[in-house]
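Just so it is clear, the values below take in all heavy atoms, side chains as well, and ignore hydrogens, waters and symmetry mates.
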Amino acid sequence: MEEKTYVEDIDRSLYDFRNEDKDAYRIEEGLTSDIVEQISREKHDPEWMREFRLRSLEIYNNTPMVQWGPSIEGLNMDNIVTYVRPNTKMQEKWEDVPDDIKDTFERLGIPQAEQTSLAGVGAQYDSELVYHNVRKEVEEQGVVYTDMESALNGPYADMVKEHFMKLVPPTDHKFAALHGAVWSGGSFVYVPKGVKVEIPLQSYFRLNAKGAGQFEHTLIIVDEGADLHFIEGCSAPKYNVANLHAGCVELFIAKNAKLRYSTIENWSKNMYNLNTKRALVAEGGTIEWVSGSFGSHVSYLYPMSVLNGEGAHSEFTGVTFAGHGQNLDTGCKVVHNAPYTTSLVNTRSISKSGGISTFRSSVVVTNKAKHAKSSVSCQSLMLDNISRSDTIPAIDVRTADADIGHEAKIGRISDDAVFYLMSRGISEEEARAMIVSGFADNVSKELPLEYAVEMNNLIRLEMQGSIG
């Protein structure tokens, strides 16, 4: 039997299973002030948030569509449902989650991961969190990990108001404004001074609804001298209509604090992934981004680090895999805005079956950033002669006292390496998968074991043509 190798004819059952649409509430399609007001009422927003949403909608309507990246002509907001509430309230006990939703997350391995390797888990289904739990010993450290709505209306409301969309204002770009208008769900984390969370926290986002958007907001504040690893996972079943993900991540890293933010994104290939992530790092602080991007039809994704304090440090380690029907425009941005700041960017991009992978980097060194150092390295691997890979670096240095380096390599799998492995009894397909896994090893070794295994499995499934 001939092996399936193209998108329309392949089995993606591991992620493409879907539940019957039994949501309790689904707002009408499109984007109007009435819809935004309706979402605000559903969320029980305070008055300032309702006004914020409406201002954001006005900014969205007056902001032109981006023109410089991959085409997003197939995305029509008139056809997107911006809010879908599942038929459950958020639960703190796994057994209380409705069976159909619970089955979804169990098939994705979320409960098992929580039991073995996570300090806390938030699971979002469509527009709302359906499950949230934190280990008692982490709570006893004073760590706050809750959903954004609870934080917005609870004892941390002032902290949310102080930080919400201050790093990513609605004026940043059109889809930041969209997010400000219709955001729903997401996580709020606060780690007190000096607290080191030994095992990771995780949020998992599952978009089940057809023709819908997911707009979760993640706000993390790591106070002075604290340490946290936060993991984000994403997936969705495939439909024959466009879905949209326009979430927002804002990270505040205080003096001498450290945050590692790891993401495995495996959206389906009808998804437009227009996510915005940004970190503000104070004196002596560190942000580490670890990113694996495998899904979506089109992606615009460039996590940004603003190094605002002396000696602040940023690392970005990423891998992108673009297959048939995918145009993934990814990379990162770093702003050096203080003396002795340092950054390291190390990425791998892989394209096959006509996939397009574009890496963009932006390194800005202001005149305040004396003795700043930055190193950018991106390597691209094309697995056939119909795929494409591009590297677009931008470097803006405003001081003579800086050390900035950039290197890029684009190539194909060595036939000699494949022949060598085949001579040892390994099939050609397995040989190529092994080479690609090795190429992406710098990312997988940075992830917790369970997620490294998942990433390597995704690579192997892509190599076999078994993910759609």
Open item on the list: So, using side-chain hydrogen bond (donor to acceptor under 3.5 Å, both in side chains) as the criterion, who are the partners of Tyr300 when residues are at least two apart?
Closed with: none
TODO: Spell out, as yes or no, whether a donor-acceptor pair under 3.5 Å connects the side chain of Asp329 to the backbone of Ser299.
DONE: no
- [ ] Please confirm whether the backbone N or O of Phe52 pairs with a side-chain atom of Ser56, one donor and one acceptor, at under 3.5 Å?
- [x] yes
- [ ] Output the distance between atom CD (Gln67) and atom CD1 (Ile72), rounded to the nearest 0.5 Å.
- [x] 8.5 Å
TODO: Check step by step if side chain to side chain donor-acceptor pair (under 3.5 Å) holds for Ser314 and Ser343.
DONE: CA-CA 5 Å; Ser314 170; Ser343 63; over 6 Å; no
Open item on the list: Nearest 0.5 Å, please: how far is CG in Asn367 from CZ in Arg398?
Closed with: 8.5 Å
Open item on the list: For a quick check under 3.5 Å, do His313 and Thr342 share a side-chain donor-acceptor pair by atom type?
Closed with: yes
Open item on the list: Checking Asn61 now: which residues fulfil side-chain hydrogen bond (donor to acceptor under 3.5 Å, both in side chains) with it, not counting sequence neighbours?
Closed with: none
Open item on the list: Whether Arg53 and Glu58 form a salt bridge (side-chain N of Lys/Arg under 4.0 Å from carboxylate O of Asp/Glu) is what I want to check.
Closed with: no
Open item on the list: Between Val363 and Val376, is there a side-chain heavy-atom distance shorter than 4.5 Å?
Closed with: yes
Open item on the list: I'd like to know if the side chain of Glu250 reaches the main chain of Val168, judged simply by a donor and an acceptor atom lying under 3.5 Å from each other, with no hydrogens or angles considered.
Closed with: yes
TODO: Return yes if a side-chain donor-acceptor contact under 3.5 Å exists between Thr317 and Asn346, otherwise no.
DONE: no
TODO: Apply side chain to side chain donor-acceptor pair (under 3.5 Å) to His173 and Thr276, showing your working.
DONE: CA-CA 10 Å; His173 56 80; Thr276 306; 2.9 Å; yes
Task: N-O pairing of Glu149 and Lys43 below 4.0 Å - done: yes
Open item on the list: Please tell me whether Asp45 and Ser40 have a donor and an acceptor in their side chains that are separated by less than 3.5 angstrom.
Closed with: yes
- [ ] Kindly compute the distance separating CZ (Phe188) from CG (Asp147), expressed to the nearest 0.5 Å.
- [x] 11.0 Å
Open item on the list: Ring of Tyr60, cation from Lys174 - is the NZ or CZ under 6.0 Å from the centre and inside 45° of the axis?
Closed with: yes
Open item on the list: Between Arg50 and Glu47, does any NZ, NE, NH1 or NH2 come within less than 4.0 Å of an OD or OE carboxylate oxygen?
Closed with: yes
- [ ] Would you check if there is a donor-acceptor pair between the side chains of Thr320 and Ser349 at a distance under 3.5 Å?
- [x] no
Open item on the list: Working note: Tyr261 + Glu232, criterion side chain to side chain donor-acceptor pair (under 3.5 Å); need CA distance, chi angles, decisive distance, verdict.
Closed with: CA-CA 8 Å; Tyr261 196 94; Glu232 173 186 76; 2.8 Å; yes
Open item on the list: So does Lys161 get a backbone contact from the side chain of Lys166, meaning a donor-acceptor N/O pair under 3.5 Å?
Closed with: yes
- [ ] Answer yes or no: is there a donor N or O on one side and an acceptor on the other, between the side chain of Thr366 and the main chain of His336, under 3.5 Å?
- [x] yes
Open item on the list: Assess, by modelled atom type and distance only, whether the side chains of Lys373 and Thr341 contain a donor and an acceptor separated by less than 3.5 Å.
Closed with: no
Task: Salt bridge flag under 4.0 Å for residues Arg360 and Asp390 - done: no
Open item on the list: For the aromatic rings, using the six-membered ring if either is Trp, is the centroid distance between His179 and Phe215 under 6.0 Å?
Closed with: no
- [ ] Working to the nearest 0.5 Å, report the span between OG of Ser293 and CZ of Phe321.
- [x] 12.5 Å
- [ ] Determine whether His217 and Phe164 make a side-chain contact, defined as any pair of heavy atoms from C-beta on separated by less than 4.5 Å.
- [x] yes
Task: Full working for ring-ring contact (aromatic ring centres under 6.0 Å, His included) between Tyr272 and His245 - done: CA-CA 6 Å; Tyr272 288 83; His245 178 236; over 10 Å; no
Task: Student check: side-chain heavy atoms of Lys269 and Gln326 closer than 4.5 Å - done: yes
Open item on the list: In the structure I gave you, are the side-chain heavy atoms of Ile350 and Val319 within less than 4.5 Å of one another anywhere?
Closed with: yes
Open item on the list: Keeping Asp384 on the side-chain end and Ser353 on the backbone end, is there a donor-acceptor pair under 3.5 Å?
Closed with: yes
Task: Trp183 ring center within less than 6.0 Å of Tyr83 ring center - done: no
TODO: Apply side chain to side chain donor-acceptor pair (under 3.5 Å) to the pair Ser357 and Ser351, showing each step before the final yes or no.
DONE: CA-CA 6 Å; Ser357 176; Ser351 51; 5.9 Å; no
- [ ] Count the heavy atoms belonging to other residues, nucleotides or ligands that lie under 6.0 Å from CG of Asp158, then report whether that count exceeds 12.
- [x] no
